[in-house]
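Below, chain A is the first sequence line, B the second, and so on; all start at residue 1.
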Amino acid sequence: MRASVKRPPTPDADEEHDQEPTLQEIINIKLIESGEKERLKELLRERLIECGWRDEMKALCRAFTKKKGRNNVTVDDLVHVITPKGRASVPDSVKAELLQRIRSFLASAAAH
Amino acid sequence: MSKTDHFHHHHPQQQQQQRNGLVLPQPCPHLPEFRSRHGTKPLRALQECLRVRPLGRAAIRRDPNEVPRCGLCGEAARPRLYACVACAAVSCHVHAAAHAESMPPGHEIAVDVDRAELFCCPCRDQVYDRDFDAAVVLAQIVASTLGGSIRSPPPENLRKRRRVDYQPWTPDLRERVLVGGNSSPLQLTDGDSSSDLPWGLRGLNNLGNTCFMNSVLQALLHTPPLRNYFLSDRHNRYFCQKSVASNDSNSNKNSRLCLACDMDAMFSAVFTVGRTPYSPAKFLYSWWQHAANLASYEQQDAHEFFISMLDGIHEKVEKDKRKPQSQGNGDCCIAHRVFSGILRSDVMCTACGFTSTTYDPCVDISLDLEPNQGASGRTASSKSHHSCNGEADSLSSSQNCGISTLMGCLDRFTRPERLGSDQKFFCQQCQVRQESLKQMSIRKLPLVSCFHIKRFEHSPIRKMSRKVDRYLQFPFSLDMAPYLSSSILRSRFGNRSFSFDGDEPDASNKLSSEFELFAVITHTGKLDAGHYVTYLRLSNQWYKCDDAWITQVNENIVRAAQGYMMFYVQKMLYYRASKKPVAS
């Protein structure tokens, strides 16, 4: 078995040092390292199930699969089909709640 | 395609694989090619990178704190990142195919780092590998049960009885003579015009606010397994009384009390030809003996009566020491054999993912109606109206239109529920009280499923009771598969290609989760001044049973009725292999 499975490929790492990490990247890394990203994802999952969003997306996928035929549909196809409608139909209350959580996380992260 | 083809000709590319009732899509050639080129080593190496997060989500990370980012564009915040199984290079979904193309052959298979699902880069689609999925699920189970040292006790006796195929049988000449000589034929007609009504359809006289009892009795008289049991003389009231009375020298009336005997008497009377309504006075009296606190001429709750009656039949069964008293597998009495199922309850710690599992028998499922019209939390929008008109999928459109459905109630019954911060559960792994998620599912389906809709709310604090009149839509055919523990576990552990609950791996699973509606008990009126009516479905005709009056009705009347208790029977009954050999 090739040892490279356990080592990050070195050439890619070099390219990264040429650029400064953006603010977005820093926030993302902080979210991941503190475990907050995982908690936010779970919260989002709960809310989207409760309000029926997930069932709607499931129905869209089923309808699309029925039309194209089960063997002619890929994961990428489904993602492309439901992404616009999915993003548009997230309830405002869910967006507000998540934003509030992220804001308070940033506030506490900035303090340290 | 005959049955033998599945077993003897294994061409994965040419036929759809069926495993455990799941139809897997035709696999692309890249995964088998990958396996033959690399063997199983890379996939096993992947297993060492499996990290199971709380609530069972499996991820792939080389170091626990690794932040994966795409090798080509440097992005770490993409929704899907894939690690090549051959060389561990990470790409986002946009660049995954490019990686496979730019490398020598052998880099086609990657794994979604956040979902631990295999992906074929040239096909841009998910692929399934049984061994990999088995390893992921094993890791998830280990993470949720303290390394497997604490295994939830499986419900008793469920694993031991295998299913036996139905063998068709018709009596031979000798048996025909035997049957003919020992029975007297029932008259088909009794002269009056109502002889076109089916067998066993008789009104029940109201003995003073007893419609709660009449409605339940009508449903039970036409519950197929129960009806068959009593009509085939499996509980003979003459023999039963004798055996009970002989043990009691006093021989007073109480010693002969047996609700099953009274049921037997009722079945005999009701299934005899004749259209005059039957008065279940003896049964009422016997039931009063059993449930003394409910003995009055006041209106009672039909559901409470149903539970009490099943309990009465169970209690008065002959106390046979060889028979198990447990209700879970229904071996104790006919009431539980017909109605008893097993519910599974999982409580998951949100901090560490440790899951505590318990099994409880149940004779019915009580469901809450939604607190408000339609899916909660959604803001009303013009989108709802469009969906009502256009959407073919009834589940989605009914949610948008705000109609409560039975399946919606079952969805919510099996949804993970976050227990409040005042109900923190003691986690054995964390050794402290933690916030937890509770999820119900059905471990074993009963022969007959009774759904009770909680329309009567009693608030002891405010000393107020009220009735919820909201309409509930219920189907005539119901597939319970999505609410089974195996389905709930599968969805909790992700998109895996096999069932891991262990037992009953045969394809007949699909059939055994399909149910047909045969009785509906409805309640009209107010909480304290209301009336129960039962609708029965016999030979696909619906009949309204309103105490002593039976009338044939159109199915739309039933659909529009306010369902309080709905009875569904398994479409396909099966036989369990007998423990004792039968002398032929």
Those residues that, when tested against B/Glu417, pass side-chain contact (heavy atoms from CB on, under 4.5 Å) (two or more places apart):
B/Leu419
Part of A/Asp76 within contact of chain B (heavy atom distance under 4.5 Å)
both
Stepwise salt bridge (Lys or Arg N to Asp or Glu O under 4.0 Å) test for A/Glu42 and B/Arg53
CA-CA 11 Å; A/Glu42 283 301 336; B/Arg53 304 262 167 76; over 6 Å; no
Quick check on B/Cys120 against chain A: is it the side chain, the backbone, both or neither that has a heavy atom closer than 4.5 Å?
neither
Distance in Å, A/Leu43 CG paired with B/Thr350 OG1, rounded so as to fall on 0.5 Å steps
12.0 Å
Heavy-atom contact with chain A under 4.5 Å, split by part of B/Asp63:
neither
Decide if atom NZ of A/Lys95 counts as having more than 12 heavy atoms of other residues, nucleotides or ligands within a radius under 6.0 Å.
yes
Whatever's closer than 4.5 Å to a heavy atom in chain B on A/Gln24 counts as neither
Return each pair, listed once, that meets ring pair (Phe, Tyr, Trp, His ring centres under 6.0 Å) where at least one residue sits in residues 54-84 of chain B; pairs must be two or more places apart or across chains.
B/Tyr82-B/Phe119
For A/Ala63, which residues count as a side-chain contact (heavy atoms from CB on, under 4.5 Å) partner, sequence neighbours excluded?
none
In sequence, state the C-alpha distance, the side-chain angles, and the governing distance for A/Glu46 and B/Arg415, and then conclude on side-chain contact (heavy atoms from CB on, under 4.5 Å).
CA-CA 10 Å; A/Glu46 259 183 65; B/Arg415 197 175 287 173; over 6 Å; no
Pick out which of A/Leu78, A/Asp77, A/Thr74 makes a side chain to side chain contact (heavy atoms under 4.5 Å, CB included) with B/Asp125.
A/Thr74
Residue-level contacts of residues 33-41 of chain A with chain B, using a heavy-atom cutoff under 4.5 Å:
A/Glu38, A/Lys41
Side-chain touch B/Arg80/A/Val79, heavy atoms, less than 4.5 angstrom
yes
